[in-house]
Amino acid sequence: QVQLVESGGGLVQAGGSLRLSCAASGTIFNIDALGWYRQAPGKQRELVARITSAGSTNYADSVKGRFTISRDNTKNTAYLEMNSLKPEDTAVYYCNAMRVISAFTTNNYWGQGTQVTVSS
């Protein structure tokens with residue numbers, strides 16, 4: 001099992017910045033990718049950013065150029081640096097860890113979420 005705990009959310013003005021942290025514990029070895037997802041009220045969950053074990057990253061179009069995902073393996077922590085925040089970034093942000101089991105199966109682990117609210 002993998003346990004993920006997010007922190008760093010809060011209330012910020014539009015144009016401000018926040019850094020989210022995701023602390024991993026448990027069976028944390030051989031995680032193939034870490035991702036940040038978000039879900040706003042009444043909307044579907046969406047991928048915000050993802051980083052693979054090789055360091056490759058991808059981002060949602062809506063956050064490209066503003067958000068940066070990173071990992072610190074010595075601290076078993078993933079980060080999401082969010083800059084130039086907009087009210088539409090308001091959502092609960094979830095950390096996700098994915099481990100590839102086979103060509104057909106993956107294991108996914110989720111944190112409890114942290115609220116990010118951007119005021120106008």
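Since we're looking at a predicted model, the values are computed, not measured.
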Heavy-atom side-chain proximity of N96 to R50 below 4.5 angstrom: no
D72 and S70: side chain donor to acceptor below 3.5 Å: no
4.5 Å side-chain heavy-atom contact, Q1 and Y109: yes
Ring-face cation of R38 near Y93 (centre distance under 6.0 Å, axis angle within 45°): no
Y79 versus R19, side-chain donor and acceptor atoms under 3.5 Å: no
Non-hydrogen atoms of D89 and S84 that approach each other most closely: OD2-O, 4.4 Å
Rounded distance (nearest 0.5 Å) linking atom SG of C22 with atom CD1 of I69: 9.0 Å
Linked, directly or transitively: Y59 and Y94 (ILVMFWY side chains, under 4.5 Å): no
Least distance between heavy atoms, R99 atom then V2 atom: NH2-CG2, 4.0 Å
From N107 atom CG to I31 atom CD1, the distance as rounded to the nearest 0.5 Å: 8.5 Å
Main-chain N/O of E88 paired to T90 side chain as donor or acceptor, under 3.5 Å: no
Non-hydrogen side-chain atoms of L85 and L18 separated by less than 4.5 Å: yes
Exam field: side chain E81 to backbone T68, donor-acceptor pair closer than 3.5 Å: no
From CD (Q3) to OG (S25), nearest 0.5 Å: 4.5 Å
Side chains of F67 and V48 in contact at under 4.5 Å (non-hydrogen atoms): yes
NZ/NE/NH1/NH2 to OD/OE distance under 4.0 Å, D61 and K64: yes
Within-4.5 Å side-chain heavy-atom neighbours: W110 and C95: no
Heavy-atom side-chain contact between L20 and E6 under 4.5 Å: no
L11 backbone acceptor or donor facing T117 side chain under 3.5 Å: no
Student check: side-chain heavy atoms of L34 and R71 closer than 4.5 Å: yes
For K86 against V118, the heavy-atom pair lying closest together: O-CB, 3.3 Å
Heavy-atom check, side chain of L47 versus side chain of W36, under 4.5 Å: no
Gap separating the OG1 atom of T106 from the CG atom of D32, nearest 0.5 angstrom: 9.5 Å
Exam field: side chain E46 to backbone Y37, donor-acceptor pair closer than 3.5 Å: no
Nearest atoms (heavy-atom pairs only) where S17 meets N83: OG-OD1, 2.9 Å
